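Note sheet for the following structure.
First the proteins, then the strands, lettered A, B, ... as listed; each starts at 1. Computed from a prediction, not measured in an experiment: that's the story for all the values here.
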Amino acid sequence: MVENRPWANFFAHTVLIIGVALVVFPVYIAVVASTQAPGELMRGTIPLLPGSHGIENYTQMWQSGVSSANSPPAALMLWNSFVMAMAITVGKLSISLLSAFAIVYFRFRFRMFFFWLIFVTLMLPVEVRIIPTFQVVADLKMLNSFAGLSIPLIASATATFLFRQFFMTIPEEMLEAARVDGAGPFKFFKDILMPLSVTNIAALFVIMFIYGWNQYLWPLLITTDPDYTTIVMGIQRMTSEENPQWHLVMAAVVMAALPPVLVILFMQRLFVKGLTETEK
Amino acid sequence: MQTKRMTFPGGWLPFALLAPQVIITLIFFIWPAGQALYQSLLREDAFGLKTTFVGLENFARLFRDGSYLNSMSVTVVFAVGTTLISMSVALLLASTVNRMIRSHSTYTTLLVWPYAIAPALAGVLWWFIFNPSIGIVPYMLEMVGYNWNHRNSGSDAMLLVILAAAWKQISYNFLFFLAGLQSIPQSLIEAASIDGASPIKRFWTIIFPLLSPTTFFLMVVNVVYAMFDTFGIIHATTQGGPAQSTNILVYKVYADGFVGLNLGSSAAQSVILMVIVVALTVIQFRFIERRVNY
């Protein structure tokens, strides 16, 4: 700020408060709705203040789910989402670290070919090749399994690129010193490269976890067995009922949104770093 | 491509390190993409008994098909609407936060978290607020005499999905705009204000032009987001309706393939989408190569 203008400051705060209010509004309404008694939401409009049935609704959703919508308990769905998100995250990070290591620290035939092969995946989001990918997974008998949910999503050009860029900035002397001291590729990877990449790994972890947690179309197609329902698609099932039980749906929405939101709030710096670097 | 001056000796090891990534890419990316290309040239008869090679007929049909052309224009409206709304709101918020000193990080924290909400959930949240019978917004709209109903009115439904998609994307755009604003040298702004330029004039003549690399980058990212990442919003709320008014291309691939079981047409649509993604990615990369530094 270059000059002091009290009215401008006042105006700026007003704009921001309205902005924040608009951003928070849908979630606030969800929280309010999730604390109402079952019949309350059928009568006219939603109240603007929280009701007193919060604990009941959340307990019911957590323990038994909505059986009329074929939706399992939220505890199970949250666990499924967690397993899927972690499998995708850890899988992506490990295979990307390995392949970036190979591309930067080795010279071999077809190096460029492999580099481009990985690069191409950047251009093929699941949504656009959905039917043939589904057929492949069905042929491999991976429907209704965590393997089918996670493995097809773990190839990641973005993470490979990020690690490649980062490895390129590591001084040559590191490798020279390690080689002089007789370290082999594995020792170099484990004792030098990994410790140096910790921040990058953590930042990507945050982004990938959110990506994995929020998967929607893929679990929708791959799993028909309620035991594998993830929370995001479970909610869709509940809303497509004839008369959705909004108080329970909204309790599930809040529970589904909470883990990734907490990740962002508590790891905001890593999140911002991960976000801005994956897009370079 | 650049490499390190000194490397480890080759042999089989690099291939082993690359193997997991390459195998997954081949099985789940390259092979299905090839299948989509191949199927786009075939047509199955109504009972799935016979497939015939029809060349580019599937593509030709798509471009004669009214519902596909409709889906294209719907996608354009949706992508432009989402990009415009979320970018302009984000720019307004970012440039306002940027002038704050003490409350800077508080506002940032309050604005970034919607990034974590799944598109499908964003859809459900807005669907609920706009629910014609119990939602709060239709209630308020009724007081000013507007009868909101996204179950019958195509334009209401479109506005609903645009709002949901834009809402979720504001935090992303906000962070990038804020980073862009912070990299603008303060001296330029000081010089302008000494010359008597008002804050609004400074914004349009100095800040906005200097932000143009960020703006352009975000435009591409937002269009990609609106075209490909918003499947959940559509599927969890309007399901393409009413009367196909929110049937965006990505949703149509799914609906024609899985619900309509028209594999040839769906594969042809996949191929068209892949061409669009490739084009957008190339634009993005060319732009990054020539990124202007101040």
Tell me, out of [options], who's got the most heavy-atom pairs with chain B below 4.5 Å.
{"options": "A:V253, A:I210, A:V136, A:L217", "value": "A:L217"}
{"options": "A:P185, A:S94, A:A257", "value": "A:P185"}
{"options": "A:A102, A:A256, A:A157, A:P259", "value": "A:A102"}
{"options": "A:G19, A:A12, A:A100", "value": "A:A12"}
{"options": "A:L97, A:L117, A:V232, A:T239", "value": "A:L117"}
{"options": "A:A252, A:A8, A:G91", "value": "A:A8"}

Proximity breakdown for [X] and chain B, heavy-atom pairs closer than 4.5 Å:
{"X": "A:M142", "answer": "side chain"}
{"X": "A:F134", "answer": "side chain"}
{"X": "A:L140", "answer": "side chain"}
{"X": "A:A21", "answer": "neither"}
{"X": "A:Q135", "answer": "side chain"}

Which atoms of [X] come close to chain A, meaning under 4.5 Å heavy atom to heavy atom: side chain ones, backbone ones, both, or neither?
{"X": "B:I117", "value": "both"}
{"X": "B:T96", "value": "both"}
{"X": "B:I23", "value": "neither"}
{"X": "B:L93", "value": "both"}
{"X": "B:Q39", "value": "side chain"}
{"X": "B:I27", "value": "both"}
{"X": "B:S95", "value": "neither"}

Qualifying ring pair (Phe, Tyr, Trp, His ring centres under 6.0 Å) pairs, either residue in residues 91-122 of chain B, two or more places apart: A:H13-B:Y107, A:F271-B:Y115
B:V97, B:L110, B:T106 screened by side chain to side chain contact (heavy atoms under 4.5 Å, CB included) with A:L16, the one that passes: B:V97
Do you know the tightest heavy-atom contact between B:A116 and A:N214? O-ND2, 3.0 Å
Does the plane of the ring in [X] sit parallel, tilted or perpendicular to the ring in [Y]? Use 30° and 60° as the thresholds.
{"X": "B:F8", "Y": "A:F106", "value": "tilted"}
{"X": "A:F108", "Y": "B:F15", "value": "perpendicular"}
{"X": "B:F231", "Y": "A:Y216", "value": "tilted"}

Per-residue tally against chain A (heavy atom, under 4.5 Å) across B:V250, B:I24, B:L273 peaks at B:I24
